[in-house]
Amino acid sequence: MKNFKVCGSEYEEFLIRMEEFHGYRSPGILLGGLMLDTALEKLAAEILAAAPKIIIHRPVRLARALKDSQPVPTGPCPGCGESYPLKHGPTCPACRGDAYYTYRTPSEDE
């Protein structure tokens, strides 16, 4: 039973991390990790393939930019107005075509 991985970690390492985070070991947490691994293994490709069809993206427009003291400075994308982490470059991932979602205007939803 010790020769398999749970959530990307070796079994023993997962048990240690579980105890460190939750303060105890629990069969429910172990079963949850195994269920998550099984679901991702069986569904990940289908979810990623279907994502552009089932994920509806609505841009978030801020009245003002968040303070620079925030852990992740954000700003509006000049192309679509979506708020995104500025560390991603001059435009948001959706405008660059690098996002797992697609941008649709509200008129396309009607």
Side-chain angles (χ1 to χ4, degrees):
M1 184 172 194
K2 297 179 182 181
N3 295 330
F4 66 94
K5 292 189 174 196
V6 181
C7 293
S9 299
E10 295 293 330
Y11 174 74
E12 289 296 326
E13 178 65 24
F14 180 80
L15 292 177
I16 292 168
R17 291 176 58 207
M18 175 198 324
E19 191 170 359
E20 287 174 350
F21 184 81
H22 293 283
Y24 56 90
R25 292 182 180 194
S26 166
I29 298 170
L30 176 60
L31 287 174
L34 293 172
M35 289 169 49
L36 177 65
D37 280 347
T38 302
L40 288 176
E41 179 182 309
K42 299 202 181 283
L43 299 175
E46 289 87 356
I47 291 170
L48 291 174
K53 298 174 194 148
I54 61 174
I55 296 176
I56 297 174
H57 168 69
R58 302 265 185 201
V60 175
R61 291 185 176 84
L62 300 175
R64 59 181 173 75
L66 296 175
K67 296 179 183 178
D68 287 337
S69 62
Q70 294 292 325
V72 180
T74 61
C77 174
C80 67
E82 174 184 3
S83 181
Y84 75 103
L86 295 175
K87 67 181 180 180
H88 288 265
T91 58
C92 72
C95 288
R96 289 193 316 268
D98 294 338
Y100 61 89
Y101 55 86
T102 57
Y103 177 76
R104 296 184 340 195
T105 62
S107 62
E108 292 174 326
D109 293 337
E110 296 172 356

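Quick note: numbers below take in every heavy atom, side chains included, and nothing from hydrogens, waters or symmetry partners. The residues of the chain are indexed from 1 along the displayed sequence. Note that the structure is predicted; figures quoted are calculated from it, not measured.
Results of the side chain to side chain contact (heavy atoms under 4.5 Å, CB included) test with Y84 over P76, C95, C92 single out C92 as the only residue that passes.
Between T91 and P78, the shortest heavy-atom distance links the atoms CG2-CG, 4.4 Å. When all heavy atoms of S9 and R17 are compared, the closest pair comes out as OG-NH1, 2.5 Å.
Note: R25 CZ to E20 CD = 10.0 Å, rounded to the nearest 0.5 Å. One finds the OG atom of S26 at 10.5 Å from the CG atom of L15 (value rounded to the nearest 0.5 Å). Interatomic distance, CD1 of I29 versus CD of E19, reported as 10.0 Å (0.5 Å rounding).
Residues V6 and Y24 fall within the same hydrophobic cluster, defined by Ile, Leu, Val, Met, Phe, Trp and Tyr side chains chained together at heavy-atom separations under 4.5 Å.
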Could you go through residues 36-50 and list every donor-acceptor pair under 3.5 Å that involves a side-chain atom there, pairing it with any protein atom two or more places apart or in another chain?
{"unit_1": "D37", "atom_1": "OD1", "unit_2": "C7", "atom_2": "N", "d": "3.2"}
{"unit_1": "D37", "atom_1": "OD2", "unit_2": "C7", "atom_2": "N", "d": "2.8"}
{"unit_1": "T38", "atom_1": "OG1", "unit_2": "L34", "atom_2": "O", "d": "2.9"}

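Residue-environment remark: CZ (R96) exceeds the threshold of 12 foreign heavy atoms within 6.0 Å.
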